[in-house]
Amino acid sequence: MTRISAKRDDLIALTQDLVRIPTLNPPGENYREICEYLKDRLEARGFAVELVRAYEAPGDCEKYPRWNMIARLEGPRSGECVHFNSHTDVVEVGHGWTTDPFGAELKDGKIYGRGTCDMKGGLAASIIAVEAFLEICPNFAGAVEISGTADEETGGFGGVAYLAQKGYFAPERVQHVIIPEPLQKDRICLGHRGVYWAEIETHGEIAHGSMPFLGNCAVRHMGAVLTEMEDTLYPALAQKHTAMPVVPERARQSTMNINSFHGGQAEPEAGFTGLPSPCVPDSCRMVVDRRFLIEENYEDVKQEIKDVLEVVKSRRDGFSYDIRDMMRVLPSMTDKDAPVVGSVARAISEVLGKEPEYVVSPGTYDQKHIDRIGKLKNCIAYGPGLLELAHKPDEYIGVDDMIDAAQVMAKCLMELLKPE
């Protein structure tokens with residue numbers, strides 16, 4: 001669509017504006033600011049806009065309230081609703097950047113910055129697509145919705161999960177959902193693997209560090225847990241494979257990441273120049289991030305980790321542990337014959353001149369809540385950007401990729417909302 005190509009400068013400026021609002025999560029900064037920005041833009045284009053705070057959701061507090069933005073525009077004729085959902089939060093910056101993480105520098109056709117790829121570039125592309133569609137096809141049937149939601153990077157419980165619980169994704173209200181996550185402009189993402197997060201704590205007994213034999217070192221106990229995982233659990237996970245088209249290919253097996261490890265005394269406050277006291281640590285905590293396949297049973301996934309702990313317990317004197325479930329997400333996968341899948345596939349073929357690749361994401365995203373809580377199955381991820389750039393230093397989004405993805409989204413709207 002030439003209308004979208006003509007909006008190139010607007011698309012660049014919109015993406016830069018969004019990136020320059022540092023919505024870091026955790027802790028959840030500037031959510032209200034980015035929602036207000038989106039509200040002002042979409043209200044000016046005729047949308048009815050709601051700002052919804054996810055009161056009492058995990059992380060919600062007066063200092064870091066969980067704000068979400070939902071904009072809806074009804075067409076002049078009755079029909080179905082197409083909803084574009086994007087999360088507004090971004091992960092920590094990390095080290096290794098050669099550009100300003102929130103500068104949104106445009107260089108060689110790419111916009112650099114934290115959240116460009118994941119997923120403010122996709123959000124901007126969906127807004128430009130909708131605006132171009134409305135200019136060309138004002139007499140459409142149904143409704144268009146755009147949302148900017150909180151906390152996807154930490155589970156989505158203060159964002160899409162909360163909205164789904166409140167009925168915003170009920171099938172009688174919304175019929176088609178596209179989530180512009182960065183899975184590449186020629187791919188349709190049908191779903192994602194499952195996830196189980198758990199915190200393991202090993203216990204010991206504090207004593208003077210010069211006489212460790214009088215105590216019981218919780219960190220050494222956790223070291224034995226790690227050794228058993230390396231020797232038995234990781235090799236077992238590597239043998240489990242899925243028929244789901246997960247990308248990259250190495251993610252078609254079960255995986256587990258050690259997300260964090262904390263033993264002994266807490267880290268000192270910034271600026272403290274003293275030394276730690278000599279103590280045997282009586283507690284060690286480790287968070288594991290287990291990604292499982294649609295062919296696996298969730299209870300078996302949990303039991304595998306507990307079995308490791310029980311083996312270690314049988315071998316070590318004084319070993320005791322607790323395990324706390326933190327998060328569970330079941331795998332989700334939309335059928336290839338779902339209406340939104342077919343519409344996006346035909347649009348990709350027309351815009352890009354090729355057939356789409358159908359993939360599944362290695363990590364979860366907010367489709368899980370639209371599926372499990374909202375009971376809406378007609379949902380996919382489709383958006384510009386390379387998944388491998390997400391959460392990395394010098395993250396970027398290609399402007400041409402955003403233009404192409406916006407054209408696909410606009411053509412999808414033209415098919416699903418049947419303008420005259």
Side-chain angles (χ1 to χ4, degrees), residues 22-31 56-66 89-97 101 114 150-158 195-230 233-234 256-291 302 305-306 308-310 312-313 315-328 391-393:
T23 47
L24 287 164
N25 180 33
E29 297 176 349
N30 301 309
Y31 284 174
E56 299 182 357
D60 180 71
C61 60
E62 289 307 308
K63 186 174 182 181
Y64 300 112
R66 268 44 195 172
D89 59 322
V90 302
V91 298
E92 64 178 306
V93 171
H95 301 287
W97 287 78
R114 177 55 84 224
D151 283 4
E152 188 273 345
E153 298 292 2
T154 53
F157 301 103
V195 58
Y196 170 55
W197 278 43
E199 182 185 67
I200 299 166
E201 182 176 12
T202 52
H203 305 290
E205 182 180 353
I206 194 168
H208 198 290
S210 68
M211 298 176 287
F213 44 82
L214 297 180
N216 186 2
C217 182
V219 172
R220 291 184 64 189
H221 286 321
M222 192 65 83
V225 173
L226 284 170
T227 298
E228 181 64 22
M229 287 179 169
E230 292 287 351
L233 182 55
Y234 277 108
M256 188 174 73
N257 176 52
I258 306 301
N259 192 71
S260 62
F261 192 102
H262 301 279
Q265 298 168 40
E267 289 289 320
E269 294 182 4
F272 177 76
T273 59
L275 298 172
S277 58
C279 292
V280 175
D282 59 2
S283 172
C284 185
R285 292 175 292 110
M286 177 172 69
V287 173
V288 295
D289 174 358
R290 169 75 159 86
R291 302 300 169 124
K302 291 179 60 176
I305 294 175
K306 188 171 183 181
V308 167
L309 296 167
E310 287 296 312
V312 176
K313 183 177 180 180
R315 295 174 179 170
R316 292 183 68 85
D317 293 337
F319 180 89
S320 66
Y321 70 88
D322 288 313
I323 184 166
R324 178 173 67 90
D325 297 346
M326 298 177 67
M327 180 171 64
R328 180 194 77 159
H391 302 195
K392 296 280 288 182

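In this chain, residues are counted from 1 in sequence order.
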### Summary
Between V219 and G264 the two heavy atoms that sit nearest each other are CG2-N, 4.3 Å
### Query
Take atom CD in E92; do more than 12 heavy atoms of anything else shown fall under 6.0 Å from it?
no
### Message
Do P393 and H95 have side chains that approach each other closer than 4.5 Å (heavy atoms only, starting at C-beta)?
### Response
no
### Task
Please report the closest heavy-atom contact between D60 and R66, naming both atoms and the distance.
OD1-N, 2.9 Å
### Query
Could you go step by step and tell me if H203 and D322 meet the side-chain hydrogen bond (donor to acceptor under 3.5 Å, both in side chains) rule?
CA-CA 8 Å; H203 305 290; D322 288 313; 2.7 Å; yes
#### Entry: Shortest non-hydrogen contact from L309 toward F319
O-CE2, 3.7 Å
### Task
Over all heavy atoms of both residues, which pair between M256 and Y234 is shortest? Give the atoms and the distance, please.
O-OH, 3.1 Å
### Message
Go through it in stages, so that I can follow the logic: the residues are V91 and N25, the test is side-chain contact (heavy atoms from CB on, under 4.5 Å), and I'd like the CA-CA distance, side-chain angles, deciding distance and then a yes or no.
### Response
CA-CA 5 Å; V91 298; N25 180 33; over 6 Å; no
### Message
Using a 3.5 Å distance criterion without hydrogens, assess whether the side chain of E199 forms a donor-acceptor pair with backbone atoms of R285.
### Response
no
### Task
Can you establish whether the number of heavy atoms outside R220 located under 6.0 Å from its atom CZ is more than 12?
no
### Message
Do Y31 and D151 pair up side chain to side chain, a donor and an acceptor below 3.5 Å, judged on atom types alone?
### Response
yes
### Message
Could you report the tightest heavy-atom contact between V308 and V225, atom names first, then the distance?
### Response
CG1-O, 4.1 Å
### Message
Whether the side chain of N259 engages the backbone of V287 through a donor-acceptor N/O pair (distance < 3.5 Å, no angle test) should be reported.
### Response
no
### Task
Can you measure from CD (E153) to CG (D89) and round to the nearest 0.5 angstrom?
5.0 Å
### Query
Nearest 0.5 Å, what's the OH-CD distance between Y321 and E310?
3.5 Å
### Query
How close do I206 and D282 get, heavy atom to heavy atom, and via which atoms?
N-CB, 3.6 Å
### Message
Can a donor-acceptor pair be found, under 3.5 Å and without considering hydrogens, that links the side chain of R114 to the backbone of V93?
### Response
yes
#### Entry: Separation of C279 SG from Q265 CD (nearest 0.5 Å)
5.0 Å
## Note on the structure
Interatomic distance, CD1@I200 vs CD1@I323, rounded to 0.5 Å, equals 5.0 Å
### Message
The test is side-chain contact (heavy atoms from CB on, under 4.5 Å); show your working for D325 and Y196 and say whether it passes.
### Response
CA-CA 8 Å; D325 297 346; Y196 170 55; 2.5 Å; yes
### Task
Show your reasoning for whether side-chain contact (heavy atoms from CB on, under 4.5 Å) applies to L226 and I258.
CA-CA 9 Å; L226 284 170; I258 306 301; 4.1 Å; yes
### Query
When rounded to the nearest 0.5 angstrom, what is the spacing between CZ in R328 and NZ in K302?
8.5 Å
### Query
If you measure from CE on M327 to CG on D289, what distance do you get to the nearest 0.5 Å?
7.0 Å
